Structures are given as C-alpha cells and as structure tokens.
Enquirer: 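Got a structure here, written out as structure tokens. Questions coming.
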Amino acid sequence: MMLAILLMAAGPAMVVVREDDVKRDEAPPHGAIGMSTAYRISDAVPGPRAMEFRKRVLHAGAAIGLHRIDHDEVYYVLAGQGQVSSDGNNARLAPGMAAYLYKGAMVGIRQLGEEPLSIIVSYPNAPR
C-alpha cells in the first residue's frame, strides 16, 4: 500500500500521445523562416516534466533560426536533408543522424533539397 502511494505521488506511470492530436502548422521558431508542421508532443504531458520532446517538419526553404541555447539539445533527423549550425560550424544531416548541441552555443537548422526535413528536438527543462 505504501509503495502504491509513493508511486502515485511521483506522477502517472506514463502518458501516451498521438502526434495527430498535437499537430499544427506554424512558422518555425527563432526567426519565422518559412513554414513547418509542429508536433509538440511533451506539451500534452501533465507537469511537472523534466524534458521537452518535439517533432518538427521543416517545409522547403524553412529553418529554425540561429539562437543561443541554455541547455544541451539534440536534433535527430527522421527524413529529408538539413544543415545544422553551432557556433559557426556547419554540418549536413541525413536520416539516422543526430546533432548533439551544447549549452551556450548559437544553433540553428535549415531544410535542404526538395523533401521536407523531419526532425526530433529534445532537451531538458530548467530545474524547478
């Protein structure tokens, strides 16, 4: 009984989120360069939560503009081609590749080619 109470105090065992339930078309963050489809998966999870987990599809010519990050962050490519920038260093990304970006860096990513760039973006929330 005590274990059940402790587990309940820690929050739900899990939350399942369907991406179609959190899908919306919007300009990408940090400059509104082009258009994208955002899937704010972790926004559907009750707080407090320790991390953000999002999918974003950058349409042709779109980009998440350069911005300074105050936490480590990962961009993982699901489909398409892109170019990631971190403190002036650039790298091309393709499906199955991830860019691990470090706290304090000036980062951004842009779509390349004809196919939309589909990425997962994940990072920790600030401690509470």
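From a predicted model like this one, the values you see are computed outputs, not experimental measurements. Numbers here are sequence positions counted from 1.
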Enquirer: Minimum heavy-atom separation for A79 to E115, with atom names?
Expert: CB-OE2, 3.6 Å
Enquirer: For R68 and G104, indicate whether the former's side chain and the latter's backbone hold a donor-acceptor pair under 3.5 Å.
Expert: yes
Enquirer: Is the shortest side-chain heavy-atom distance between D43 and V22 below 4.5 Å?
Expert: no
Enquirer: Taking atom CG of N90 and atom CG of D87, what is their separation to the nearest 0.5 Å?
Expert: 11.0 Å
Enquirer: Where is the tightest heavy-atom contact between R110 and L117, given as atom of each residue plus distance?
Expert: O-CD2, 3.8 Å
Enquirer: Quick one: salt bridge (Lys or Arg N to Asp or Glu O under 4.0 Å) partners of E52, sequence neighbours excluded?
Expert: R49, R54
Enquirer: Do V17 and F53 sit in the same hydrophobic cluster, where Ile, Leu, Val, Met, Phe, Trp and Tyr count as joined when their side-chain heavy atoms come under 4.5 Å apart?
Expert: yes
Enquirer: Mind checking whether S42 and M51 have side chains closer than 4.5 Å, heavy atoms only?
Expert: no
Enquirer: Drop me the distance from Q111's CD to S118's OG, to the nearest 0.5 angstrom.
Expert: 11.5 Å
Enquirer: If you look only at distance, which donor and acceptor atoms sit under 3.5 Å apart when one is on a side chain in residues 30-41 and the other is two or more places apart or in another chain?
Expert:
| residue | atom | partner | partner atom | Å |
| --- | --- | --- | --- | --- |
| S36 | OG | E26 | O | 2.9 |
| S36 | OG | R56 | NH1 | 2.8 |
| T37 | OG1 | D25 | OD1 | 2.7 |
| T37 | OG1 | H59 | NE2 | 3.0 |

Enquirer: Is the side chain of E73 donor-acceptor paired with the backbone N or O of Y75 at a distance under 3.5 Å, no angle test?
Expert: no
Enquirer: Work out which heavy atom in Y100 is nearest to a heavy atom in D72; give both atom names and the distance.
Expert: OH-OD2, 2.6 Å
Enquirer: Mind listing the closest non-hydrogen atom pair of K55 and I120 along with its distance?
Expert: CB-CD1, 3.8 Å
Enquirer: Hydrophobic clusters here meaning ILVMFWY residues chained together by side-chain heavy-atom distances under 4.5 Å, can you tell me if Y123 and L58 are in one?
Expert: yes
Enquirer: Can you get from L78 to V57 by hopping between Ile, Leu, Val, Met, Phe, Trp and Tyr side chains that sit under 4.5 Å apart?
Expert: yes
Enquirer: Testing the basics here: between H67 and I64, what is the closest heavy-atom pair and its distance to 0.1 Å?
Expert: CE1-CG2, 3.8 Å
Enquirer: Please check: side-chain N/O of Q81 versus main-chain N/O of A94, any donor-acceptor pairing under 3.5 Å?
Expert: no
Enquirer: Could you pull out all residues at least two apart from L93 that satisfy side-chain contact (heavy atoms from CB on, under 4.5 Å)?
Expert: V77, V84, M97, A99, I109
Enquirer: To check you understand the geometry: which heavy-atom pair defines the closest contact between A63 and P28, and what is its length?
Expert: O-CB, 3.2 Å
